*Asks:* 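Have a look at the structure that comes next, please.
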Amino acid sequence: MRRRRVIANWKMNGDKTIVDHLLGALKNNCKNITSELIVCPPAVYLAQAQGLLVGTTIGLGAQNVNANRSGAYTGEISVSMLQEFGCGHVLVGHSERRSLFAETDQDVAEKFKAVVNAGLRPVLCVGESEHERNIGSTDEVVLRQLDAVVNTAGIESFSQAIVAYEPVWAIGTGNTATPEQAQEVHRLLRKHIELLSMEIATQLPILYGGSVNPENAASLFAMSDIDGGLVGGASLDSQAFTAICNAAG
Ligand code: PEP
């Protein structure tokens, strides 16, 4: 039985006051949630979030990382720096990183490998654009993105990973995938991993992301291969996010 997870991706939003408010509300409202909750604030607020989350079971994650250990990479942040601030999870391959910052499948794979090697959990985001879905390329795109990581980091590294199916056309648009559409891709991803390791496929958490909200969360999380959600916009609204966490149980 896979444990449900809900991950908040705040993207480049918030300020110190908002961080206090959102984490205060989360600590208050989600005491009885049995799902695993993880919050990914902007990197400059990790220290503040780490302090606020002491004594809770809420995990801390980063939105991005550089694959190199250290060195002349101005503006970048290494895995060991994230570790110092209590990050247990790191998003890799978010579609905004792929499309706005030109991250390739191979860049994503190198980041994933660096995160795993440091003992943290990568959250690998995969997903097709609207055009790719319309021309029938969804399966090919998500499997290409997945295989790039499997080929670089090895299938065993997935015993420590989370995958998030995030159709690009659903992110921040309000056009959520139907539970059936999402389930179909989640099943495909799990079946693909099954070919390499049944054990890893069975325990691999596969989250859905793309306009998850309090109205659609329960029906998405009810699907057999959907193990929770990666939530962007709605995670910035404490009431909406609490409702989504409650839907996860
Ligand atoms: C995301 O950024 O990962 C995301 C799923 O955003 P939203 O929930 O706003 O669609």
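Note that ligands are numbered from 1 as they come in the structure, with each ligand's atoms numbered from 1 the same way. Everything quoted here is computed from the prediction, not taken from an experiment.
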*Asks:* Just jot down the ligand 1 atoms closer than 4.0 angstrom to any heavy atom of I171, in number order.
*Replies:* 2 (O), 4 (C), 6 (O), 10 (O)

*Asks:* Given the side-chain rings of F112 and F158, with only the six-membered ring counted for Trp, is the space between their centroids under 6.0 Å?
*Replies:* yes

*Asks:* Using the side-chain hydrogen bond (donor to acceptor under 3.5 Å, both in side chains) definition, which of the options K113, K111, E110, Q106 pairs with T152?
*Replies:* Q106

*Asks:* Please report which non-hydrogen protein atom sits nearest to atom 8 (O) of ligand 1, along with the residue it belongs to and the distance in Å to one decimal place.
*Replies:* G232 N, 2.8 Å

*Asks:* Can you tell me if CD on E184 sees more than 12 non-hydrogen neighbours from other groups inside 6.0 Å?
*Replies:* no

*Asks:* What distance do L124 atom CG and L91 atom CG have between them, rounded to the nearest 0.5 Å?
*Replies:* 10.5 Å

*Asks:* To check your reading of the model: name the closest protein heavy atom to atom 9 (O) of ligand 1, its residue, and the distance in Å.
*Replies:* G233 N, 2.8 Å

*Asks:* For ligand 1, which is the ligand I care about here, please tell me if H94 has any N or O atom under 3.5 Å from one of the ligand's N or O atoms.
*Replies:* yes

*Asks:* Hey, is A170 touching ligand 1 through its side chain, its backbone, both or neither, going by heavy atoms under 4.0 Å?
*Replies:* backbone

*Asks:* I'd like to know whether CD of Q203 has more than 12 heavy-atom contacts from other residues, nucleotides or ligands below 6.0 angstrom.
*Replies:* yes

*Asks:* Evaluate G172 for polar contact with ligand 1, using N/O atom pairs at a separation under 3.5 Å.
*Replies:* yes

*Asks:* Which protein non-hydrogen atom lies closest to atom 5 (C) of ligand 1, naming both residue and atom, and how far is it?
*Replies:* E166 OE2, 3.0 Å

*Asks:* Tell me whether E76 at atom CD has more than 12 heavy atoms from other residues, nucleotides or ligands lying less than 6.0 Å away.
*Replies:* yes

*Asks:* Quick one: does G210 get a heavy atom under 4.0 Å from ligand 1?
*Replies:* yes

*Asks:* Does atom CG of N32 have more than 12 heavy-atom neighbours, drawn from other residues, nucleotides or ligands, at distances under 6.0 Å?
*Replies:* no

*Asks:* Ligand 1 versus N9, non-hydrogen atoms closer than 4.0 Å: side chain, backbone, both, neither?
*Replies:* side chain

